[in-house]
Protein chains: 2
Amino acid sequence: MVQKSKITIADIATKADVSISTVSRVLNNTAPVAESTRQAVLEAMQALDYRPNIFARGLASGQSMTVGVLTQHIHSPLYGSLIRGILEEMDNSPYTPLFVDGYWQRQREERLVETLLRRRVDGLIILGGDLPLERLQEAARQVPLIVFGQNVPGLETQCLQLDDYEGAYRATEHLIALGHRRIAHVTGNLAHSDAVARRDGYLQALRDNRIEPVPELMAEGEYTEQSGLIAMEMLFGRGRTFSAVFAANDESGYGVRLALYRRGIRVPEDISLVGFDDIPSSAYTTPPLTTVRQPATEIGRAAAEAILKLIQDEPFELPQISMELIIRESTSRYLK
Amino acid sequence: MVQKSKITIADIATKADVSISTVSRVLNNTAPVAESTRQAVLEAMQALDYRPNIFARGLASGQSMTVGVLTQHIHSPLYGSLIRGILEEMDNSPYTPLFVDGYWQRQREERLVETLLRRRVDGLIILGGDLPLERLQEAARQVPLIVFGQNVPGLETQCLQLDDYEGAYRATEHLIALGHRRIAHVTGNLAHSDAVARRDGYLQALRDNRIEPVPELMAEGEYTEQSGLIAMEMLFGRGRTFSAVFAANDESGYGVRLALYRRGIRVPEDISLVGFDDIPSSAYTTPPLTTVRQPATEIGRAAAEAILKLIQDEPFELPQISMELIIRESTSRYLK
DNA sequence: CTGTTAGCGCATTCAT
DNA sequence: ATGAATGCGCTAACAG
C-alpha cells in the first residue's frame, strides 16, 4: 500500500507548455516569471493536484525544512506548554517541528539527537534534559541550536535562561507585602544551583526590605513532600516563630502544609504559604497554593522564534523571561 | 550555517574498494554479501563516520520511514499518555513518529494532515479530533491509517474503540458492590454519544442488579463543574434520597461535591461519589476521587503496533481495550 | 524572462 | 557474490 502522486514538475511543465525550470521558479519564486506564464503554471498545478516531493527537494537543496525538538516527558505540564508555544510559533513558518522525548535519560537523548541529525533537521531545540555540555557544544557546531534549561559555556546567546532567583525574590516580596516579617524558608537540595538561586532570591528580598535573615528560619529539604514535612519539624523544634513559609517547590510545600495541619495551624488564616513550580494540583488543593510558574508557552515561542532566525542567519536575541507569581488563597489573608 | 557530512556511499565504496551497489547491499542487507567484503565496508563506514542521506534514500525508495501522528492538545493528560505509548512502541522500530497538534480545530487538522501527507509519511495515526468521516476515508485510501476516537464506516478494523458504556457500567457496579441501591447520576450533554453511552452503562448496571432505575435520580449536566452543581440542586429539589452519585465526568463530579459540602454532606462518609476521566487533580483532591480512566499509554502502544503492521502489509488486529476503574477514597466507605 | 543541463545520494535492475 | 548503469524529482547554475 503505497501512495504515489506520480505528478511531477515535468508533468505540469508539459501541461503548461513551459520548461521545468520555470515551474520550479513559480514554485519557489526564486526568480521573476511573466505573470501570464505564472498563471498557466499555477493552473496546471491545480488541475493535476500537484504535490512537490520533499525528498527530491531536500536532496537538491540540502534543506529539510524541519526543526528537531528534544523534550522531556512530553506529557508533563511544563513540556506540554513549551511544545505548545513552539507549535504556535512554527505554525506560521514553512518549517515543521519534529518532536522526540528524551524521558530525562541521557543515553536516550544522545540517540535521539543523532536521529534528528540523521533526519537532517535544519535546526535543533533542546528542552531540558541531561546531555553533557560537550555534546551540546558539538551539536551547535553541526546545526543551529537553541537550548532551554542549561547554560552552555560558549553558547550563552543561544541559551534561554529562567531566573529562579527572581522568582524566589518575587515570592518573598509578595509575603512581605502582605505584612509578614518572620518568613521561614524550606530550601531544596543546596547542592543544586536552582535551589541555591531560590534561596538567594529569598534572602535578598528580605534584605532589600530591611529584614535581617534569620538562619534558624531556614531548613534544607529536597523538593519532596516528605522532606518538607521534616524540615518543618526542624523549624518548629528551633523555637523561633514565623507567620509565613516560602517552600522552594510545591511538593515540599505540601509537606509544609501537612506539618501545619498536624499542629492545628491553618493556611492561610494562621500562616501564609508560598510554593514554587505551579504543579497542576496546586490549583486544586485546599486552599489553592500561591506559587511561582515558568511561563512555558512563552518560552517555547521564544525558542522557536530564535531558531528560525538562527537558521536564516538573521540576527536575533533571546528575550529575558520572568517567572510568574500566581497568587492563590494560601496567602490570601494575613491577620496577625 | 549548513551541515554537510559530505561522505556518501561512493566514498566508502572507494575506501573499501568495492562498488556502491555492494555498499548499498550491506547497508540494507538486501542481498547476500561475502562476509569479508561486508566487514571491509562496515569498517570503512565506521572510519568515515558515514551517515546515509535520508533524502536520497527516500527519493530512491519512496519511503520516508516516518509515521504521522495527529493529536489534540498534546499537553493534556490523555494525549500526553497516548503519545508516550506511541513513542514506546515506535522506539524499537525503524520508524520515527511525526507529531502535530490539531487543537480540536477541524480546519487546522485538515491542514496538518495535508502537511503530513506532503511529508510522505508511510502511515498515519489520527487521535481524536474533528475530521469528517469522509476525510478519514479519503486519507485511508492514500496511506495506512489508524484512528482512535471515531468509528469510521468501512474502516472498522482500523479504528481503536473505547467503551464508555462499559466504563460507566463498572463505575456503577462498583457503587452497587459497596451496598448502594439509590444511586444518582449526573449525565453529560445527552446530545453527544459518549454521554449517552455512559448513561446507558449506568442504567444497565442497575438493571443487571435488579435495581429499577429512577428517572428522578438522573439530572443532565454538561461536563462542567458548574453544571454538576446545578444538577445536584435539581436532584435535591426532587426530594428523592440517594446514597451515591455517579458523575459522567470528573469535572461535574467536583460540582457535585461542592453542592454536597454546601449542605454539610460528607464524601465518602455520607455519600459515595464516582467520576469519569481521571483528570490529574482527581488524585489530589480531598478526598481523592474514584473514577474511570482510559488506559491511554496502552492505547497509544496498540495504535503504533497496528500502524507498523499495516505499513508492512502484515496481518494485525486491534485489541479490545477496557476502561479502567480507579478506586479512591471518595467511595472508600459506606456506612449507612 | 525562459530553457538546458548537470548533479544531489541512493536503490535497483541487469549483467557478469 | 559483485559491478555498471539508470532513474527517483527537484534545484541551481549556466546560457540564451
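- The side chain of Ala34(A) lies closest to dT2(C) when the candidates are dG9(C), dT5(C), dT2(C).
- Bending across the helix from dC1(C)-dG16(D) to dT16(C)-dA1(D), expressed as the angle between its end axes from five pairs apiece, amounts to 30° (10° rounding).
- Residue Ser19(A) places at least one side-chain N or O under 4.0 Å from the OP1 or OP2 atom of dG3(C).
- Which of dT13(C), dC14(D), dC10(D) sits closest to the side chain of Arg25(A) comes down to dC14(D).
- At a cut-off of 3.5 Å, with distance as the only test, no side-chain donor of Arg119(A) or Thr66(A) sits close to an acceptor on the other residue.
- Ser24(B) comes within contact range of at least one nucleobase, with a heavy-atom separation under 4.0 Å.
- In this structure, CG in Asp122(A) is found 8.0 Å from OG in Ser61(A), a value given to the nearest 0.5 Å.
- Using a 4.0 Å heavy-atom distance criterion, Val23(B) is classed as making no nucleic acid contact.
- For the pair Glu305(B) and Arg301(B), the salt-bridge criterion is not met [side-chain N within less than 4.0 Å of a carboxylate O].
- Each of dC8(D), dA5(D), dG3(C) was ranked by its minimum atom distance to the side chain of Thr22(A); first place goes to dG3(C).
- On a pure distance criterion of 3.5 Å, no polar donor-acceptor pair joins the side chain of Arg51(A) and the base of dG9(D).
- In this structure, CG of Asp11(B) is placed 9 Å from P of dC10(C), rounded to the nearest angstrom.
- Checking dT5(C), dT2(D), dG3(D) against the side-chain heavy atoms of Thr37(B) singles out dT2(D) as nearest.
- Not counting sequence neighbours, the partners of Asp91(B) by the salt bridge (charged side-chain N to carboxylate O under 4.0 Å, His left out) test are Arg108(A), Arg111(A).
- Put simply, the side chain of Ser61(B) and the base of dT12(C) share no donor and acceptor less than 3.5 Å apart.
- In this structure, of dC8(C), dA12(D), dA1(D), it is dA12(D) that holds the atom nearest to the side chain of Ser21(A).
- Comparing Val33(A) and Asn53(B), the nucleotide of DNA chain C nearest to each residue sits closer to the 5' end for Val33(A).
- In the set dT11(D), dG9(C), dA13(D), the nucleotide with an atom closest to the side chain of Ala60(A) is dT11(D).
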